[in-house]
Student: 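Quick one: the structure is below, questions incoming.
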Amino acid sequence: MEIILTIGLDALCYILTLLLVSIGLVIIFGLMNVVNMAHGEFFLLGAYSVVLVQKFGGPFWLAMIVGFVAVAIVGLIVEVLVVSRIYHRALDTILATWGVSLVIKQAIIIFFGPASQQVVTPFQAPAHFFGLVYPSYRLFIMLISVMISLCTFIILYRTNLGLMVRGVIANRHMSGCLGLNTQRIDRLTFALGSGLAGLAGVIMAPLMSVDPQMGLGFFLPGFLSVLVGGAGSPLGALWGAGLVGGGTSIIAAIKTPVVSQIIVFSMAMVVIRIFPNGILGRNR
Amino acid sequence: MLNIDCLHSAYIRGANILKNLSFHIKPGELVAVMGRNGMGKTTLVKTIIGLMPYLSGDIRFLEEKILGRKSYEISNLGVAYVPQGREIFKDFTVEQNLLLGVLGKKKKVSDFDLAYQHFPILAERRKQLAGTMSGGQQQQLAIARAIIGKPKLLLLDEPSEGIQPNIVHEIAATLKQISATESLTILLIEQNLELVTRLVDRVDFIENGQIVHSVDVKIIHEDPELVARFMSV
Ligand SMILES: Nc1ncnc2c1ncn2[C@@H]1O[C@H](COP(=O)(O)OP(=O)(O)OP(=O)(O)O)[C@@H](O)[C@H]1O
Ligand SMILES: [Mg+2]
């Protein structure tokens with residue numbers, strides 16, 4: 001019984017973690033259609049903001065704010081200097097943002113060195129409930145992931161700002177003709193997506209070894225979740241994260257992590273083949 | 001109100017679609033531009049609203065130079081646009097479409113009640129997804145979305161395309177009324193004589209990117225040959 005409960009919690013935790021790292025991708029890749037190869041490095045910058053803030057003795061919540069704001073600003077700069085010139089030129093975007101990713105990674109190695117950094121985990125005492133002992137930081141991640149997803153969803157679907165963002169994405173020229181400053185809205189959207197990638201990095205930092213390669217392990221399944229669920233809709237990402245994350249952790253509990261990755265990735269390919277626009281996706 | 005002189009406009013550098021075009025509208029005037037397919041009618045309105053990449057010449061709106069300005073700036077000066085093919089936001093509700101006609105305006109003057117009064121069908125369908133409405137209803141939505149921000153000049157590109165006659169008549173009457181009560185100037189691109197004769201005061205004919213003839217609408221009533229000369233293939 002307890003084992004099943006633990007596996008269930010682990011699966012839920014992994015799903016929500018995937019959702020957390022996918023939210024920024026949903027906005028930049030899913031909604032804006034930009035393949036940003038530097039997304040993993042934005043995540044990385046978020047994680048290193050924890051290192052930096054803790055170096056100065058700052059608390060974790062401060063790192064969350066710093067990580068979000070700093071990476072949003074980096075995203076804004078990348079949009080202005082690089083991406084804004086090459087929207088709708090997919091190959092150019094991939095190449096240019098790949099260049100950006102190399103620059104960021106090298107900059108981090110220059111400032112922090114290639115070795116992995118130690119980060120202090122907040123909420124160290126384990127939580128006891130239903131006769132179970134579970135790391136409280138993982139519970140915190142689940143909570144925060146739900147909260148961030150909910151906030152993003154509300155901003156996109158329940159506010160005038162979100163309506164403008166979605167309007168510009170649906171028809172940029174017409175939105176401009178209605179008086180919307182499309183360039184400014186693009187910038188804002190890209191910055192928001194980047195900031196969310198940074199925030200995900202902050203939150204994941206205590207669980208991982210913070211080193212220049214850490215982004216990789218999550219971005220493949222992250223991209224996969226967005227694709228499986230349907231790139232055009234945030235609800236799709238929820239489905240995708242559920243299937244990819246849930247599948248991976250449950251099979252990993254029965255077999256081994258490697259086997260589970262192989263199975264889930266192949267299944268994901270099949271799903272994408274059958275539903276090219278994702279399970280919830282309409283034609284984009 | 002709108003003064004266009006020596007305008008050249010192209011999609012591809014060097015390949016001018018509009019060639020040395022001049023065109024003027026006075027405040028409160030209702031003008032139609034007619035011409036055969038591919039003569040540059042859509043290109044003309046796209047140029048005015050700032051969607052064309054390669055331009056030279058002069059366009060002034062209310063004495064302000066707008067050639068080369070961004071669409072959102074031109075829109076904020078008081079030019080509204082109903083494109084050929086409507087381009088409503090299909091996945092958004094009627095209400096959200098109208099809201100997008102307001103949110104970008106610096107002065108957020110809007111009058112939802114007035115828009116719904118002019119187009120009652122939209123009031124009934126406020127919460128319906130725009131893409132699920134009929135062509136005529138979508139066209140009314142596109143017009144309502146354009147006028148809700150209180151423009152001074154309305155550009156309409158073939159609003160009667162694919163719409164049944166009784167709705168066309170309804171739209172003509174509504175536009176005539178709005179133009180009178182809101183002192184709205186209208187530039188109508190049309191091939192449909194029904195709408196032209198019901199709505200405008202003046203008709204200009206475009207051929208190979210130039211305005212080649214301009215007549216009072218009364219002449220059109222008297223001399224159907226004239227239209228045939230500029231419209232038949
Ligand atoms: N996006 C484009 N790129 C290049 N050329 C274009 C483009 N759009 C239109 N053209 C060309 O510009 C010319 C004028 O087109 P335009 O759309 O202005 O015609 P129109 O008078 O509106 O015709 P219609 O009555 O069919 O709507 C045509 O020869 C067309 O082939
Ligand atoms: Mg046309």
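We name chains A, B, ... by the order of the sequence lines, and we start the count at 1 in each one. Small disclaimer: the values here were computed from a predicted structure and weren't measured. Keep in mind that the numbers below use all heavy atoms, side chains included, and drop hydrogens, waters and symmetry copies.
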Student: Among B/Pro151, B/Ser75, B/Gly50, single out the residue with the greatest number of heavy-atom pairs under 4.5 Å to chain A.
Tutor: B/Ser75
Student: Please identify, among B/Leu100, B/Ile88, B/Leu51, B/Leu77, the residue contributing the most non-hydrogen atom pairs under 4.5 Å to chain A.
Tutor: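 Most pairs with chain A among the choices: B/Leu100.
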Student: More than 12 heavy atoms of other residues, nucleotides or ligands under 6.0 Å from CE of A/Met267: yes or no?
Tutor: no
Student: Most heavy-atom pairs under 4.5 angstrom with chain A, which of B/Lys106, B/Arg145, B/Lys105, B/Lys70?
Tutor: B/Arg145
Student: B/Gln96 and A/Arg166: which non-hydrogen atoms are nearest, and at how many Å?
Tutor: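 In this case the closest contact between B/Gln96 and A/Arg166 is NE2-NH2, 3.8 Å.
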Student: So which heavy atom on B/Tyr72 is nearest to which on A/Asn181, and how close?
Tutor: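 It is OH-ND2, 3.2 Å.
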Student: With chain B as the partner, which of A/Thr182, A/Ile185, A/Asn160, A/Leu161 has the greatest number of non-hydrogen pairs under 4.5 Å?
Tutor: A/Asn160
Student: Which atom pair, heavy atoms only, marks the closest approach of A/Cys177 to B/Tyr81?
Tutor: SG-CD2, 3.6 Å
Student: Count the heavy atoms belonging to other residues, nucleotides or ligands that lie under 6.0 Å from NZ of B/Lys26, then report whether that count exceeds 12.
Tutor: no
Student: Quick one: which of B/Gly149, B/Pro83, B/Gly104 has the most heavy-atom pairs under 4.5 Å with chain A, could you say?
Tutor: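 Option with the greatest count: B/Gly104.
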Student: Within residues 131-139 of chain B, which residues come under 4.5 Å of chain A, heavy atom to heavy atom?
Tutor: none
Student: Testing the basics here: between B/Phe89 and A/Ser175, what is the closest heavy-atom pair and its distance to 0.1 Å?
Tutor: CZ-OG, 3.6 Å
Student: Would you find more than 12 non-hydrogen atoms of other residues, nucleotides or ligands less than 6.0 Å from A/His173 atom NE2?
Tutor: no
